[in-house]
Structure formats: structure tokens, C-alpha cells
Protein chains: 2
Amino acid sequence: MYKIGEIATQAHMGTETVRYYEQIGVLHAPERAPNGYRLYDDEHLKRLRFIKRSRELGFSLNKVRSLLSLADDKNMTCRSVREIAEEHLNEVRRNIADLQAMEQLLQATVKPCPGDNSKTCPIIDVLFSGK
Amino acid sequence: MYKIGEIATQAHMGTETVRYYEQIGVLHAPERAPNGYRLYDDEHLKRLRFIKRSRELGFSLNKVRSLLSLADDKNMTCRSVREIAEEHLNEVRRNIADLQAMEQLLQATVKPCPGDNSKTCPIIDVLFSGK
DNA sequence: TCTTGACCTTAAAGTAACTACAAGGTGCAG
DNA sequence: CTGCACCTTGTAGTTACTTTAAGGTCAAGA
């Protein structure tokens, strides 16, 4: 049995985050000790780590919620899990592409700027000159 | 003179966004017509376009605020503008790198999944098996 | 003239995923 | 018994808007 600070450390997150996950319903409310402290077990820890890892892979908490209810569901199919994961993968790839386009534009905008003591700046000019 | 809907269209944003920019102080409050309607001029339009373009390049509104106050400042130097832009460029590059790492991991996680009717899924397993 | 519809006004709440704070109770070591 | 670290709750702050509610304004058509 873990107190919140202990399980939070084990799962590499803050205690507020653990409470938050309980609040929004991705982590089941644990037992309480007579003094009111939350008491977690290893199932909770597994679940927190699942959430952590999913978040590190960029899944939104809503997607994590879906993944978890699939994982809980005896009738889950591999296909439905893959659907969520693939949708997310595509989203990540779109984000990368968008950022790369942004980076190109940004670089082109910054390049002509001398970065000296001039009172005018090509960067500002470009930003103001937008269609 | 533009009404809010007109200037919003010209600047390719919604009216609420224009009001929001006024509220947070990146756009100067315009004159008001006798009926209370906001009345904008071409300076406002220039500024809105500046904001729009900056946002498209990924600058946060706080950075946009800084850029605008530099642009307004007679003593601005090109160097100070470039500093903000370069900091942002680095941030964008870090974000791209992070997303690319995520994409690799995600791809590796999804690959072994058959996506069929199986009752177990390697994706779920990986997510649960995290350290 | 009346009404319909598009437009404008304000203030407040919702979104995502936490983070931070305030005000207080608990438990253990020195 | 006095710190100190830890726990509790509830609320507000963060970013950049978007949505909603409840209501004025104005021009055009019947």
C-alpha cells in the first residue's frame, strides 16, 4: 500500500497530478486510511504508469481514457486499439510536418536580419508586410 | 473605418478573437461609433495582420507582445528583435526533435500490432509494461 | 409599419492538462 | 512539544482562444 507521495514518486509524477487523474476519472479512487489519506495498491501503480507512458507518446488524456477502457474490456479487439494508435500517429506526423513548414518560414524570415544596432529590422518588416 | 466583422474578415480571424486581442492588450482599443460599435482603421488592420502572421510562425502572444512593443519603440534595435526570433526558432526546432522521437517510439509500438480480432494487443502490453 | 436576419454589445464559462496556492490536519523525530 | 514533511480540500491560474447567454442595432423586404 502506497501513500500518494510514494505512488507519485514511483510513477514519476507529482501528487497533484495523481489527484487530478482521480478527479477526471482515469484513475480509480483508492481506499482511504482512517486518517483520510489515500491508499494505493499495485493496480493503481500499473495504471499510473500506463497513463504516464501513453502521455509520453503524446496521447491525449481522452485517448488514454479510451485505451484504458479498451484494456479493461474483455471484448476488446486488437483492431480497435490499433485504430486509436494509428490515428494518433497520423496526428503526430501532421504536427511534425506543420512545425517543419513553420521552421522553414521562420528561418527564411530570420536569415536576412543582421542582428545589429540598426533601427529597422527585416523580421519586423516581414511580419508587417503579410497579405 | 471598419466594423469588427469587416476587420476580422480582412485579417482572417473571428470577431471574438479581435475582441480578445483588445482585452489582453495586444490591440489598441478602437474608437466607438455612437451606437457603441467598434470602429477600426488601417493601423489596426496592420497590427492584426502582424499578430496573425506571428502566430502562424508559432510565436506566443507574449512574444508577439514583445515584438509589437519593439516595433513601436523608436529605440528598437534589430538585435533585440533577432534575439526573440532566434529563441523561438530554437524552441520550434526542439519541438520538432521531440515530436520526431515520439513518432519513432510510437511507430515501433504500433508495428507489432496485427490489428485484427485478437483479444490481446501488443500496444496495450507495451503501455502497461513501462518501467 | 413590422419583422426578419445579420450584425453588434457585454460578461462569463468552457477547453486541455496540469500547476500553484491557501488553509488546515497528521505523524514522526529530536 | 515543536518542527517538519506529508496529507487533505477547494479554488484559481496558465494559453489562446471558443462558446454561450442575453440582449441592442440596422437595413431590407412584405
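The structure displayed is predicted, hence computed values, not measured ones. Chain naming here is simple, since letters A, B, ... match the order of the sequence lines and numbering starts at 1 in each.
In the displayed structure, A:Glu16 atom CD is contacted under 6.0 Å by more than 12 heavy atoms of other residues, nucleotides or ligands. By the neighbour-count criterion of 12 heavy atoms within 6.0 Å, atom NZ of B:Lys111 is sparsely surrounded, having that number or fewer from other residues, nucleotides or ligands.
Two different hydrophobic clusters hold B:Leu48 and B:Met1 under the rule that ILVMFWY side chains link at heavy-atom gaps under 4.5 Å. Hydrophobic clustering, with ILVMFWY side chains joined whenever heavy atoms are under 4.5 angstrom apart, groups A:Tyr20 together with A:Leu45. Under the 4.5 Å side-chain heavy-atom criterion for Ile, Leu, Val, Met, Phe, Trp and Tyr, B:Ile4 and B:Leu39 are members of distinct hydrophobic clusters.
Of the residues in residues 56-69 of chain B, none lies under 4.0 Å from DNA chain C by heavy-atom distance.
With sequence neighbours left out, A:Asn95 forms a side chain to side chain contact (heavy atoms under 4.5 Å, CB included) with B:Leu99. Taking the ring pair (Phe, Tyr, Trp, His ring centres under 6.0 Å) definition, one finds that A:Tyr21 meets it with nothing, sequence neighbours left out.
Ion pair B:Glu22/B:Arg38 flagged as a salt bridge, since at least one NZ, NE, NH1 or NH2 atom sits closer than 4.0 Å to an Asp/Glu carboxylate oxygen. Using a 4.0 Å cut-off between a side-chain N of Lys or Arg and a carboxylate O of Asp or Glu, A:Glu56 and A:Lys52 qualify as a salt bridge. Using a cutoff of 4.0 Å between basic side-chain nitrogens and carboxylate oxygens, A:Glu91 and A:Lys63 are scored as salt-bridged.
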Apply the test side-chain hydrogen bond (donor to acceptor under 3.5 Å, both in side chains) to residues A:Asp116 and A:Ser118: give CA-CA distance (whole Å), side-chain angles for both, the deciding distance (0.1 Å), then the verdict. CA-CA 6 Å; A:Asp116 59 13; A:Ser118 324; 2.2 Å; yes
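Of all nucleotides in DNA chain D, those with any atom nearer than 4.0 Å to a heavy atom of chain B start and finish, going 5' to 3', at D:dT15 to D:dC26.
In this structure, CE of A:Met13 is placed 14 Å from P of C:dA17, rounded to the nearest angstrom. Regarding A:Glu16, its CD atom lies at a distance of 11 Å from the P atom of C:dC21, rounded to whole Å.
The side-chain contact (heavy atoms from CB on, under 4.5 Å) test with A:Arg47 singles out one residue from A:Asp72, A:Asp42, A:Val26, and that residue is A:Asp72.
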Are there any protein N/O atoms within less than 3.5 Å of an N/O atom in nucleotides 7-10 of chain C, and if so, which ones and at what distance?
residue, atom, partner, partner atom, Å
C:dC8, OP1, B:Gly5, N, 2.6
C:dT9, OP1, B:Arg38, N, 2.8
C:dT9, OP1, B:Arg38, NH1, 2.9
C:dT9, OP2, B:Arg19, NE, 3.2
C:dT9, OP2, B:Arg19, NH2, 3.1
C:dT9, OP2, B:Arg38, NH1, 3.4
C:dT9, O3', B:Arg32, NH1, 3.4
C:dT10, OP1, B:Arg32, NH1, 3.3
C:dT10, OP1, B:Arg32, NH2, 2.9
C:dT10, OP2, B:Arg38, NH1, 2.8
C:dT10, OP2, B:Arg38, NH2, 2.8

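The two residues B:Val92 and A:Glu103 have their closest heavy-atom pair at CG1-CB, 4.0 Å.
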Watson-Crick or G-U pairs under 3.5 Å in DNA chain D, rendered as dot-bracket with [ ] for crossing pairs and | for another strand: ||||||||||||||||||||||||||||||
